[in-house]
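I have placed the structure first, in the form of structure tokens, so that the comments after it can refer back to it.
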Amino acid sequence: MAVVVALLVWVPDDLGGPEPFLRWAVPIVTALDVLVVVGIRPWFKHRTYRWEVTAEAVHTRTGWLSRTWTLVPVSRIQTVDVTRGLLQQVFGLASVAVYTASSQGTVRIWHLEHGMAQRVAEDLTARAERTRDAAT
Amino acid sequence: MTDPAPAPPAPAATARRTSPRVVLVHTLTFRQARRLLPYAIPALAAIGLGGGRWTVAGLVVGVTLVSLVTAALSWWRFSYLVGPGAVVVTRGLVQRSVRAVPTDRIRGVEVEAPPVHRLLGLVRVRIDAAAGGTGSSEEELLVDGLPPAEGDRLRTAVLTRRARAAAGPEDDDATAPPEPAEEEFARFDNRWLLYAPLVGGYLAVPLAAVGALSRVVDELPAGTLPDVDGPALDSVGAAAVVALVALLLLAVGAVVGAAVVNWGFRLVRRGDSLVAVRGLLTRRHTELEIDRIRGVAVADGAGMRLARAARVNALVTGLGDAQRRGQLLPLGPRAEAEALARRLVPDPGPLTAHPAAARRRRITRALTGGLLVTAAGAVLTATSGWWPLLVVGVVLTALGVPLGLGRYASLGHATGPSSFAVRVGWLVRERAVLERRAVVGWQVKQSWFQRRAGLASVVACVGAGRGGYIALDMAADEVADFAVAASEPWAEQLLPAPPAR
């Protein structure tokens, strides 16, 4: 989004139509967008983000304007992945992804401290192994 | 029918070959030679061909020869084996590939007979296997070109082995036990073909044919086409007649298309599986394990509702190409469809309507597009006097109200003792009835607008069908109750929306 807007900043001079209007509107919109994406959204996202692993289930809440709660019981977990992107390695973070038989029933816990992510994954894998049932 | 392959009561461990007649089939259909096409075209272009009659004849002979040779080679290098623990397919000329699929991973077997195969008395067997994990990456074994008897034998051998693998590995002879008695679940009545023009999917068939035809006509040199004057559309009457004929042709095309796919459709229960047989040109024989059926989806589009028609799909765990293979009733009266659905999954009772806020939200959303167009049209009318867009916008907005109401009327959910149902959609309305044990997770989505209206959308994540079935715009404080009633107590943690504020 920001990239598209930024590209639009260099609208050629000799374009007809609403071009003079764009010449000042586009940079302003871009600046506002950057402000929201960099300055505001991460704070809101971080504030709403919650995750929980209980005896029975894994539960997350994400989103800032629209929220999503995802709940998966331990007994239906199929695989647990821990991934570390380049930036995540720089900051010592890792993400946990909990997969089930459903393509939509994936719980992702983003950006945990690496040790914590490792512990969560190991714990879930071990418990899923024990309680897995034959329903799916 | 003679059987050129080794006689059936062979020991389990010998690899078998397909019938040599398949070489002929593949030569005719250019199955292997097709793959060489991308290389052949630039090569031919580089050589450069004169346009003479002999070149064309030479080309035809050459291509057929190439096709024959490749088909023969791939037949020669192909063998399959139904072993005690796995089905093994070996193939490939330069690069040998051996694929073994463990018996307990096999999800279903499909026997099909395309027209050319039928002409030569052959069938094709597809063996479906779940690749494990997420269930989305599906693999498939294809044994092409067996005599029907051998195809049936392969099917029963694979399926009984699977059953036996589940029971315990005892004796290993390949002879199948006598097939259990059949019980008929549904039989296609040819009168149901008349529903076809009301179904979007079948209407697309004649349209696609028209598209292909027009492309062919474009390719033909101009001289070969008869010089037809365009129909005189100057009078309203003539235009109406043309439109009527076009509509009629479309309807007939849809009926023919539906007949080709669904001719002689029959769904029977044979032991632990459901077997569906259908097709006019290509006979298909699909087998589903009843034990893996987690629910059914009863779909009736806007057109089908007019004629009280519906179709039924099974939601099966780990089934590739589920949309086609899971079909239990491709087209039929709604009463029939509902009865079939009830037979497979207990009915959770009548649907509960969603709150009034959901109706407002559906109408608002249906109006948004029309209002945007209207606004743009108003600007255009004001600036340049071009008014058609404004008219379009007004019409779209007016249509938005009934669309929103219709979409709201479709919404509903229900929970029963062992199953639950959700319904959504207007143009394509679908009610999914799922077993409680099918649920592998819940997802609740709530946008800013939904939060203000006290609504939330709930997705039941299941390892079958589309993977998730949504109850759109449910009252936010009913979410937890619904989730618990539709799955198991662990869903209690799915807190209703208000405390999250």
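Model, not experiment: these values are computed from the prediction. Numbered from 1 within each chain, the chains take letters A, B, ... in sequence-line order.
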| field | B/Asp347 atom CG: more than 12 heavy-atom contacts under 6.0 Å | value | yes

| field | Non-hydrogen atoms of A/Arg76 and B/Arg437 that approach each other most closely | value | NH1-O, 3.1 Å

| task | Give a yes or no on this: more than 12 heavy atoms of other residues, nucleotides or ligands lie within 6.0 Å of atom CZ of A/Arg84. | result | yes

| request: Nearest 0.5 Å please: distance from the OG1 atom of A/Thr68 over to the NZ atom of B/Lys445. | output: 6.5 Å

| Those residues that, when tested against B/Arg423, pass salt bridge (charged side-chain N to carboxylate O under 4.0 Å, His left out) (two or more places apart) | none

| task | Give the minimum heavy-atom separation between A/Trp69 and B/Gln446, together with the two atoms involved. | result | CH2-OE1, 3.4 Å

| How close do B/Val440 and A/Pro73 get, heavy atom to heavy atom, and via which atoms? | O-CD, 3.4 Å

| message | Checking A/Asp123 now: which residues fulfil salt bridge (charged side-chain N to carboxylate O under 4.0 Å, His left out) with it, not counting sequence neighbours? | response | A/Arg127

| request: Name the option with the most non-hydrogen atom pairs under 4.5 Å to chain A; the candidates are B/Gly468, B/Ser487, B/Ala464, B/Ser457. | output: B/Gly468

| said: If you count heavy-atom pairs within less than 4.5 Å of chain B, which of A/Thr62, A/Val72, A/Thr48 leads? | reply: A/Val72

| said: Quick check for you: to the nearest 0.5 Å, what is the distance between B/Trp490 atom CH2 and A/Leu71 atom CG? | reply: 5.5 Å

| note | Within residues 104-119 of chain A, the residues sitting under 4.5 Å from chain B by heavy atom, in sequence order, are A/Gln104, A/Gly105

| request: Name the region of B/Val462, side chain, backbone, both or neither, that has any atom closer than 4.5 Å to a heavy atom of chain A. | output: backbone

| Gap separating the OG atom of A/Ser102 from the CZ atom of B/Arg294, nearest 0.5 angstrom | 13.0 Å

| query | Taking atom CZ of A/Arg67 and atom CD of B/Gln450, what is their separation to the nearest 0.5 Å? | reply | 12.5 Å

| said: For B/His413, give me all partners under ring pair (Phe, Tyr, Trp, His ring centres under 6.0 Å), at least two apart in sequence or on another chain. | reply: B/His354, B/Phe482

| remark: Minimal heavy-atom distance between B/Gln443 and A/Thr70, with the atoms involved, is NE2-OG1, 3.4 Å

